[in-house]
Amino acid sequence: PGCWTGSYKVSFEDCCVIDPLGDPRGQAVEDPAWARLEQLRGEVVLKHRKRKPKCSARQVFGLGAGRTATTALSNHLFEFLGYDVVHGMQPDFVSFQEFRDHAKHACHDNVFLDMFPVKRHMAYLDTPVFGLGCQLFATYPSARFLLVERSFTWHWRSFKTMLCTNSVQSGDCEILNRKQLRLAVWGRAFSDFCMHKDLLCK
């Protein structure tokens, strides 16, 4: 709980919109995760019709796991607010491991220690950021953190689609560095997927 100081937590359960990726067969399904984000963006647009808005927070991390509206946040909210967005990173696993285990004592050239160039508003979302919440908070105490949650039912349907398309096509189960990163943040769930992906993705 101490890691969430100054954060904003959102949970979507009571509204729905169409998510064409929510169904493994490509059919559109109602998905509670998108409507509130669209509402938030609409409110921002109404308030700032004459100028592109800027937020006072220069450093933002999205700690929602993959398929918790990270694309909607990147494309529809943070970019509109003037942020340079990094949606998913593929750092060297050694750098990730070093920062995860020894954040305050990581080598000075570690990629996670230099995430915010001067005078730029930056937002980071998705892998592997959501697996480093406490370490990032300790390193960037003035940053803001946004956590988006989804119910298991909605998250699983969307997540399975992602695994069976993007992950399979990108070789996440075969390319060592990519696999190590995902095992570190998803744990046994990802190793089980790699073992049974042919069956799961039929």
For Asp92, all residues meeting salt bridge (charged side-chain N to carboxylate O under 4.0 Å, His left out), sequence neighbours excluded: none

Side chain to side chain contact (heavy atoms under 4.5 Å, CB included) assessment of Phe137 paired with Leu63: CA-CA 11 Å; Phe137 180 76; Leu63 296 185; over 6 Å; no

Listed partners of Pro141 passing side-chain contact (heavy atoms from CB on, under 4.5 Å), at least two apart: none

Minimum heavy-atom distance Tyr83-Arg58, with the two atoms named: CE2-O, 4.0 Å

Residues Phe159, Phe152; criterion side chain to side chain contact (heavy atoms under 4.5 Å, CB included); working and verdict: CA-CA 10 Å; Phe159 186 60; Phe152 174 80; over 6 Å; no

N/O donor-acceptor pair under 3.5 Å between Thr139 side chain and Gln135 backbone: yes

Within residues 96-117 or reaching into it, pairs that qualify as salt bridge (Lys or Arg N to Asp or Glu O under 4.0 Å) - sequence neighbours excluded: none

Working for side chain to side chain contact (heavy atoms under 4.5 Å, CB included), residues Asp84 and Val86: CA-CA 7 Å; Asp84 292 326; Val86 178; over 6 Å; no

Shortest non-hydrogen separation from Gln90 to Asn177 and the atoms involved: O-ND2, 4.3 Å

Reported NE2-to-CG distance for the pair His121 and Leu81, which is rounded to 0.5 angstrom: 9.5 Å

Side chain to side chain donor-acceptor pair (under 3.5 Å) partners of His155, counting only residues at least two apart: none

Taking every non-hydrogen atom, the tightest pair across Leu125 and Ser74: CD1-OG, 3.5 Å

All side chain to side chain donor-acceptor pair (under 3.5 Å) counterparts of Ser142, not counting sequence neighbours: Gln59

Whether Phe193 and Phe190 hold their rings parallel, tilted or perpendicular, with breakpoints at 30° and 60°: tilted

Straight-line distance of Thr127 OG1 to Phe130 CZ, nearest 0.5 Å: 4.5 Å

Distance in Å, Leu136 CG paired with Phe112 CZ, rounded so as to fall on 0.5 Å steps: 7.5 Å

Flag, side chain of Asp126 to backbone of His87, donor-acceptor distance under 3.5 Å: no

Return all side-chain donor-acceptor pairs below 3.5 angstrom for residues 163-175, not counting sequence neighbours, or 'none' if the list is empty.
unit_1 : atom_1 : unit_2 : atom_2 : d
Thr165 : OG1    : Thr161 : O      : 2.6
Thr165 : OG1    : Met162 : O      : 3.4
Ser167 : OG     : Asp172 : OD2    : 3.0
Ser170 : OG     : Asn166 : O      : 2.9
Asp172 : OD1    : Arg178 : NE     : 2.5
Asp172 : OD1    : Arg178 : NH2    : 3.0
Asp172 : OD2    : Arg182 : NE     : 3.1
Glu174 : OE2    : Lys197 : NZ     : 3.3

Spacing of Leu176 atom CG and Leu181 atom CG [to the nearest 0.5 Å]: 9.5 Å

Closest heavy-atom pair and its distance - His108, Leu113: CA-CD1, 4.3 Å

Plane angle bin for Phe61 and Phe145 - parallel if under 30°, tilted between 30 and 60°, otherwise perpendicular: parallel

Closest non-hydrogen atom pair, Met115 against Val111: CG-O, 3.6 Å

Minimal non-hydrogen separation, Phe96 against Pro128, with atom names: CE1-CB, 3.6 Å

Side chains of Phe116 and Tyr124 in contact at under 4.5 Å (non-hydrogen atoms): yes

